[in-house]
Protein chains: 2
Amino acid sequence: MLKKQLIMEKALELFSEQGFEATSVQQITERCGISKGAFYLSFKTKDELIISMVENYLQRFVTDVDQVVKSSLSKDIKLVEFYKSIFQAFKNHAAPARVFFNEKVLLSKKELFQKIIAYDVEMSKSIIYMLEQLYQDELHETKYDVMYCIKGFMKSYSELFIFSDIPLDLDQLARSLAEKTEIIARHTTIPFITEELVQLTAKPCNEEVSQESLLELIGQHLDGLEESIERESLELLKVQIENTTYSKPILKGLIENLRLQPDHRWVAYVIAKYFNI
Amino acid sequence: MLKKQLIMEKALELFSEQGFEATSVQQITERCGISKGAFYLSFKTKDELIISMVENYLQRFVTDVDQVVKSSLSKDIKLVEFYKSIFQAFKNHAAPARVFFNEKVLLSKKELFQKIIAYDVEMSKSIIYMLEQLYQDELHETKYDVMYCIKGFMKSYSELFIFSDIPLDLDQLARSLAEKTEIIARHTTIPFITEELVQLTAKPCNEEVSQESLLELIGQHLDGLEESIERESLELLKVQIENTTYSKPILKGLIENLRLQPDHRWVAYVIAKYFNI
DNA sequence: TATACTAATGACTAATCGGTCATTTGTCAA
DNA sequence: TTGACAAATGACCGATTAGTCATTAGTATA
């Protein structure tokens with residue numbers, strides 16, 4: 001789908017310049033050099049466009065970071081590489097960052113809110129994974145606080161990339177923040193963020209996932225999905241939802257199959273939530 | 001002006017629910033129980049409303065914090081009280097916080113952008129004042145980094161108040177963050193944020209680079225720069241600024257020569273901006 | 001060349017927007 | 001009761017919006 005990509009790119013430019021609500025479909029199609037009708041061949045509504053964009057760009061950001069975290073880099077340099085990859089991403093993709101990290105209008109649309117939260121949770125998990133790897137048992141109660149600090153560093157320092165194009169030394173920035181993280185991790189004694197708190201913020205809308213809406217979501221995903229492990233997993237899960245049979249480990253495995261493919265991460269997240277996994 | 005206050009309050013509710021662009025004047029007047037005409041007796045335009053609101057709420061937030069900073073509290077407790085006042089404000093005024101700290105659509109309106117930046121600068125100044133008071137000469141080069149960390153803590157932890165209404169122990173939060181700040185201040189050795197950088201972000205980025213200031217900057221760089229490709233490039237560029245002769249590709253090449261050397265990256269950036277390259 | 005089919009168009013609609021202004025309502029002193 | 005003045009109204013305006021659909025253009029097959 002080349003057309004879809006083109007629209008997303010140009011729309012991104014406009015959203016980052018003017019904001020989502022203030023940008024009209026007309027403007028988007030003009031910048032693409034296509035007709036208004038052509039837009040609606042690619043996306044059913046304007047909302048569908050922004051949803052696709054969130055999936056496209058946030059997905060990439062989160063998985064990029066996760067890749068560094070899960071890489072075989074030595075402990076000495078992992079933290080530095082972690083920060084370097086994050087700010088490299090902010091530098092190269094300042095426009096999407098501006099839109100998705102700042103435009104919280106998006107949060108008034110429930111579906112998007114959930115999705116953005118979900119990606120934030122993914123990011124948190126990556127960071128926690130890294131911290132456990134780096135410090136193992138040294139961090140007990142302060143693990144989640146260190147995670148919050150890291151996210152704070154990201155938020156604060158990323159503004160340098162988002163609101164200006166001053167040339168910055170990424171290496172030094174990464175080393176500087178790695179040192180700060182190290183210091184915080186080694187010396188903090190007063191915890192505040194508990195595991196319980198993290199779980200609470202992960203699902204602020206304690207809205208239950210209804211069986212009906214979940215089956216519909218799965219139906220949509222199955223459409224236009226060719227024969228594959230993912231399809232089979234999804235079909236098995238669908239049966240499972242209608243009539244419980246398998247045990248938790250099997251379910252978890254099936255969901256994990258889906259999670260590997262970026263396109264299915266969201267549906268995997270929702271199913272996991274439904275089964276409380 | 002009671003009517004003005006009423007409108008601002010109700011508008012704030014709606015903005016925090018739906019965002020600025022997505023909220024119509026009609027909706028505001030309906031919630032206020034007044035007519036559309038009455039709205040325009042208080043505010044000339046919808047934009048004037050949001051500007052007034054920014055002034056009203058951000059003003060209060062910044063001055064509240066500044067009051068604590070400038071107070072006669074002892075060093076031991078000042079940091080804790082600083083954080084307590086900040087999160088107290090976030091707790092009590094979650095709605096304005098949601099609007100003004102997250103809705104960066106506002107930034108597409110130039111006048112507002114400048115104003116919000118101005119308040120951010122005020123906040124930074126308060127924090128720096130506090131750090132100088134607390135640590136005096138102990139912090140040399142890392143002063144601005146500590147300030148960025150504090151702002152990062154604020155951004156990260158404030159989400160707990162903005163996106164949920166979980167009951168939280170403000171005292172422990174403040175003590176926890178005060179400890180983190182203390183640790184960072186005492187142990188950081190690798191600085192990243194320089195005074196120059198802070199001044200740059202304080203200025204609106206669209207500012208034209210004047211020929212005069214540019215020549216001065218180049219002059220500074222030429223001093224203490226021995227004979228080299230970089231020096232020659234810089235001298236050629238200096239001549240070029242005073243009297244255009246070369247074509248764009250040549251200029252770009254000369255600037256590129258400078259960019260390779262970290263020390264000259266900044267001057268390269270400014271020159272590129274001057275020539276619109 | 002004729003046919004069949006998809007991709008693309010842009011005039012069109014109904015709704016909504018920010019903003020205006022002739023008119024009505026409410027409140028005084030005389 | 002009247003007249004004068006300000007406060008408040010809401011029908012109305014032109015512009016703009018998201019979204020539709022009859023029509024046309026382009027392309028592949030027969």
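A, B, ... follow the sequence lines: proteins, then strands. Residue 1 opens every chain.
Here CG of A/L215 is found 6.5 Å from NZ of A/K238. Values are rounded to the nearest 0.5 Å. B/Q88 contributes atom CD, which lies 8.5 Å from atom NE2 of B/H93 (distance to the nearest 0.5 angstrom). With values rounded to the nearest 0.5 angstrom, B/R31 atom CZ is found 4.0 Å from B/L14 atom CG.
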Where protein sits on nucleotides 8-24 of chain D, one letter per nucleotide: B base, S sugar-phosphate only, - none, heavy atoms under 4.0 Å: BBB------SBBB----

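Counting non-hydrogen atoms of other residues, nucleotides and ligands closer than 6.0 Å to CD1 of A/I229 gives a total of 12 or fewer.
Separation of the B/Y157 and B/F90 ring centroids does not fall under the 6.0 Å cut-off.
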